[in-house]
Amino acid sequence: MTPAELTDAIRAAVRAAVDDGRLAVEVPGDVVVERPKRKEFGDYATNVALQLAKAARRPPREVAEIIAGYLAGRAGIGSVEVAGPGFLNIRLQAGAQGELVRTIIEQGSRYGNGDTLRGQRINVEFVSANPTGPLHLGHTRWAAVGDALARVLAAAGAEVTREFYINDRGSQMDKFGESLAAAAAGEPIPDDGYHGDYIYELAKEIATDHPEFLTLPADQRRVAFREAGYERQLARQRRALENFRVHFDVWFSERTLHDSGAVDDAIETLRRQGHVFDHDGATWLRTTDFGDDRDRVLIRSNGEKTYFAADAAYYLDKRRRGFTRCIYLLGADHHGYVARLRAIAACAGDDPDQTLDILIGQLVKIVKDGAEVRLSKRAGEIVTLEDFVDLAGLDAVRYSLARYPADSPLVLDVDLITRQTNDNPVFYVQYVAARTASVSRHARELGIERGPFDPALLTHERESDLLGSLGEFPRVVATAAELREPHRIARYLEELAGVYHRFYDSCRILPVGDEPVTPLTHARLALNDATRIVIARGLDLLGVSAPERM
RNA sequence: GCCCCCGUAGCUCAGCGGACAGAGCAGCUGCCUUCUAAGCAGUCGGUCGCAGGUUCGAGUCCUGCCGGGGGCGCCA
């Protein structure tokens, strides 16, 4: 019996009580069942009576007694008792819990998937770096978190598009071109230009492939270098992200919004909605109508359309492409954008609570040998995605970044996350994957066939604990998706890993020496297989590998 | 000045209003002739920043204060 099935049973019990006129309440859409911390509180506990007490206008314990009466005796339910202020402590029938192993093995890597987000088309925009340099630590965090979030949303049934917005227009691009042109010509780069080693390398590369660029007049030379640099730098970012196991479905260029007239159309649309006004020669959007602390300029008095105007056009474009929900991952330095992005949605006639999720991520620092790592050989003052992966390894970087909530500031110790001991949660979890695989290999060597098994034999306390943890996985995935918090997957895996290790320690799976293969061997082997499936799937949701050996 | 995030064990941090606040590390004590000891068991460790409020019940929600970080452009 899975927690979801138990939830259904509890709801059915409440419904029966209501039908019999014993309770005057609405049957709740969802019921919280949890694994109590203390053994004597049973396999599962629910606070449903406490929550219904007010509506029923009866004391919680009395409500609990009524529900307990209808719940006891249902299929799979062993015993139900009322405890504390009105909790229902539930014990499952022997064997009912073990059925879960069959479910997991049948469903394989689909186990944990749900349909809570079925029908939603979600656009997840993240990283969105300027194509003027390498990806830095902040981008690396969003790459790990954003991709994990996209995987989790898909597991919850949503149709997900990963999108990268390329800021390929404006003064930063011009400075980039100017810096490259200067570097190629052996001239000093302006102070406010780009200075990392990668600029010189890139400039040299371009000059080698296109020596004719150097003969162009200065302004054309800057444009030529800008365009060639853009193409190459973007390709590098894309390659770095693909190597990081992050694949974007859409690379969206800011320029195309301007070139296609989408920005003008957007301004026109917003004007029709009545939120655009002219003042001091500029064109503004009255975002203060929707909670922004000041109005925002769409077209500057010099005729130039602002970045904000492109943001508005971009949002409208996403909606036109059919996305029901747009998720933005932004760095903390962009938190000022939240109010204005919401205002754009509201000005366009949407309800921002329904169509937008803006996740603000705090900064990341990495520390090695007790000191902050700040310098990169490639990029000067910044540490790049590639530097970090070189330093710590792909799995360690992805896992370490994805295991914290995005909005908590993060200090990662490189020595810690690369250590191959259980100091390091990545290895602690991956070790379970390797251990389960090792047991599986060993079973094959002993010629033990997989086949029917009796789940009722899984009665050891550690087996029961493991079944309980495995059963929680679908709800963890659903919650992580609903709250946009992929780190919950990592925390769950760490918990599951501990429970498995304790099971492994107490419950010998395979025969020792001349011992015979017993029905318990088959049952435990199936439990081991089920654990492998869940650990591997959980790691996959984080973009981390589940090694066969370590 | 206004806005956002954070404040939980010595450290890094979990904790969707529920039962005696959790994990890992660090410290101390044990466990490998058996499926991976990259593991397990035990022990030590807390005014959940402070003060009010809402609630049957608050680390969790609300208000104020204190401390730390970040942000506030006709920049991108």
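What's counted below: heavy atoms across the whole structure, side chains too, no hydrogens, waters or symmetry copies. Chain letters run A, B, ... following the sequence lines, proteins first, then strands; residues in each count from 1.
Across all strands, Ala339(A) comes closer than 4.0 Å to no nucleic acid atom at all (heavy-atom distances). Using a 4.0 Å heavy-atom cutoff across all strands shown, Arg549(A) reaches at least one base atom of the nucleic acid. As judged by a 4.0 angstrom heavy-atom cut-off over every strand, Gly84(A) is placed among residues making no nucleic acid contact. Pro60(A) comes within contact range of no nucleotide atom at all, as no heavy-atom separation falls under 4.0 Å.
Nucleotide U63(B) forms a pair with A51(B), judged by Watson-Crick or G-U wobble geometry with both contacts under 3.5 Å. With both pairing distances under 3.5 Å, C32(B) is matched to nothing as a Watson-Crick or G-U wobble pair. Partner assigned to A9(B) is none, using Watson-Crick or G-U wobble distances below 3.5 angstrom. With a cut-off of 3.5 Å on both pairing distances, the Watson-Crick or G-U wobble partner of C2(B) is G71(B). Across all strands shown, A26(B) forms no Watson-Crick or G-U wobble pair with both distances under 3.5 Å. Applying the Watson-Crick and G-U wobble criteria (two distances, each under 3.5 Å), C44(B) pairs with nothing in any strand.
For Glu494(A) and Arg403(A), the salt-bridge test passes: some basic side-chain N is under 4.0 Å from an acidic carboxylate O.
Put simply, CD on Gln172(A) is 8 Å from C1' on C75(B), counting in whole angstrom units. Summarising the geometry, the separation between CG on Asp465(A) and P on A41(B) is reported as 11 Å, rounded to the nearest angstrom. Whole-Å rounding puts the His487(A) NE2 to C6(B) C1' distance at 14 Å. As rounded to whole Å, 14 Å separates atom C1' of A38(B) from atom OH of Tyr500(A). Gln51(A) places its CD atom 18 Å from the P atom of U55(B), with the value rounded to the nearest Å. Distance, Asp295(A) CG to G73(B) P: 12 Å, rounded to whole Å. As rounded to whole Å, 15 Å separates atom P of C75(B) from atom NE2 of His334(A). As a whole-Å value, the separation of Tyr404(A) OH from G69(B) P is 21 Å.
The aromatic ring of Phe87(A) sits over the base of A19(B), with ring centres less than 5.5 Å apart and planes tilted by under 30°.
Counting atom types as modelled, Asn89(A) pairs a side-chain N or O with a base atom of A19(B) as donor and acceptor under 3.5 Å.
Nearest to the side-chain atoms of Trp284(A) among the listed nucleotides C13(B), C74(B), G18(B) stands C74(B). Nearest nucleotide to the Arg300(A) side chain, out of C13(B), C75(B), A19(B): C75(B). Of the listed nucleotides (C74(B), A38(B), C13(B)), A38(B) has the atom at the smallest distance from the side chain of Met550(A). Minimum atom distance to the side chain of Arg462(A) is reached by A41(B), of the listed A19(B), A41(B), U36(B).
Closest-nucleotide positions on RNA chain B for Thr306(A) and His501(A) were compared, and the one nearer the 5' end corresponds to His501(A). Of the residues near RNA chain B, Ile509(A) and Ile299(A), the one whose nearest nucleotide (by heavy atom distance) lies more toward the 5' end is Ile509(A).
Across the P atoms, G52(B) and G59(B) are found 14 Å apart, a figure rounded to whole Å. One C1' atom belongs to G7(B), the other to C65(B), and the distance between them is 14 Å to the nearest Å. To the nearest whole angstrom, the two P atoms, one in G24(B) and one in C20(B), are 22 Å apart.
Geometrically, Arg491(A) engages Tyr404(A) in a cation-pi contact, judged by NZ or CZ lying under 6.0 Å from the ring centre and within 45° of the ring axis.
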Worked check of salt bridge (Lys or Arg N to Asp or Glu O under 4.0 Å) between Glu304(A) and Arg169(A): CA-CA 12 Å; Glu304(A) 183 81 9; Arg169(A) 192 174 172 280; 3.7 Å; yes
